[in-house]
Amino acid sequence: MSEKNIITFNNVDKWYGNYHALKNVNLSIKKGERLVICGPSGSGKSTLIRCINGLEKYDHGEITVAGHSLNHKELHTIRGQVGMVFQHFNLFPHMTVLDNLTLAPRRTLKMSKDDAEHLARDFLDRVHIGHQADKFPGQLSGGQQQRVAIARSLCMKPSILLF
Ligand SMILES: Nc1ncnc2c1ncn2[C@@H]1O[C@H](COP(=O)(O)OP(=O)(O)OP(=O)(O)O)[C@@H](O)[C@H]1O
Ligand SMILES: [Mg+2]
């Protein structure tokens, strides 16, 4: 593996029961590279990216992330570096936009409330929804919820962001 590759797939296969969802996938992604994977609905795009942070298991081959082979021992280390914006956003509906953004930095990175809120407001401003910080996700449009999800991922300062 080249040192510059942050994600590699080597001969990766995944089945859902009898359904062969990923067929011998080989790819390498360099640090700083932006890769768009296109394909019809149901072709396996979400499955592929969910394998990168261990939300799905694969059956054959090897995936490496930031030099770590993706196995259970390394999963915690890898997840700390990998952010994900889910297809359906997965915002917490009972929490305000601001609280959605500050939860993980406070709990996981042990950031103070003030620091976490400052960081969150910065990212909300960058995606042009700073004025929606005190609303609940259900009060926002789909695109606005998507921007909240992006800002929430960025608050964890990931080295890899999956969309
Ligand atoms: N948990 C699951 N159990 C069984 N089959 C699944 C599961 N998740 C996905 N599949 C199947 O695997 C295939 C790939 O699904 P996936 O969600 O990766 O597609 P996608 O390319 O992201 O599609 P879309 O563009 O619609 O989001 C689909 O045919 C789907 O029906
Ligand atoms: Mg999908």
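Every heavy atom of this structure was used, including side-chain atoms; hydrogens, water molecules and symmetry mates were not. What you see is a predicted model, and the numbers here were worked out from it, not measured in a lab. Whatever order the structure lists ligands and atoms in, that order sets their numbers, starting from 1.
Inside a 4.0 Å radius of atom 15 (O) of ligand 1 there is at least one protein heavy atom.
Nearest protein heavy-atom contact of atom 3 (N) of ligand 1 is Tyr16 CD2, 3.5 Å. The nearest protein atom to atom 26 (O) of ligand 1, hydrogens excluded, is given as Ser41 OG, 2.7 Å; this is a heavy-atom distance. Atom 27 (O) of ligand 1 has as its closest protein heavy atom Gln87 NE2, 2.7 Å.
A donor-acceptor contact under 3.5 angstrom links the side chains of His20 and Asp13, judged on distance only. Side-chain polar atoms of Glu117 and Thr102 form no donor-acceptor pair below 3.5 angstrom. Thr64 and Thr8 form a side-chain donor-acceptor contact under 3.5 Å, judged by distance and modelled atom types alone. Side chain to side chain, Ser69 and Glu62 meet the donor-acceptor criterion of an N or O pair below 3.5 Å. Using modelled atom types, one finds a donor on one side chain and an acceptor on the other under 3.5 Å when comparing Ser46 with Gln87. Looking only at atom types and distance, the side chain of Thr47 has a donor-acceptor partner in the side chain of Tyr16 under 3.5 Å away.
Near Thr47, meaning under 4.0 Å from any of its heavy atoms, are these atoms of ligand 1: 14 (C), 15 (O), 16 (P), 18 (O). Close approach of ligand 1 to Lys45 (heavy-atom distance below 4.0 Å) involves ligand atoms 18 (O), 20 (P), 21 (O), 22 (O), 23 (O), 24 (P), 25 (O).
The shortest N or O to N or O distance between Gly39 and ligand 1 is not under 3.5 Å. Inclusion of Gly44 in the set of residues having an N or O under 3.5 Å from an N or O of ligand 1 is warranted.
Checked against Met84 for a side chain to side chain contact (heavy atoms under 4.5 Å, CB included), the options Asn53, Ile160, Ile52, Asn90 give a single hit: Asn53.
Residue Thr47 does not count as close to the Mg ion (ligand 2), with no N, O or S atom under 2.8 Å. Not a single N/O/S atom of Ser41, whether from backbone or side chain, sits less than 2.8 Å from the Mg ion (ligand 2).
Distances from atom 29 (O) of ligand 1 to the heavy atoms of Pro40, Ser43, Gly42, Ser46 show the closest one on Gly42.
With a 6.0 Å cutoff to the six-membered ring centre and a 45° limit on the axis angle, Arg152 counts as a cation-pi contact of Phe92.
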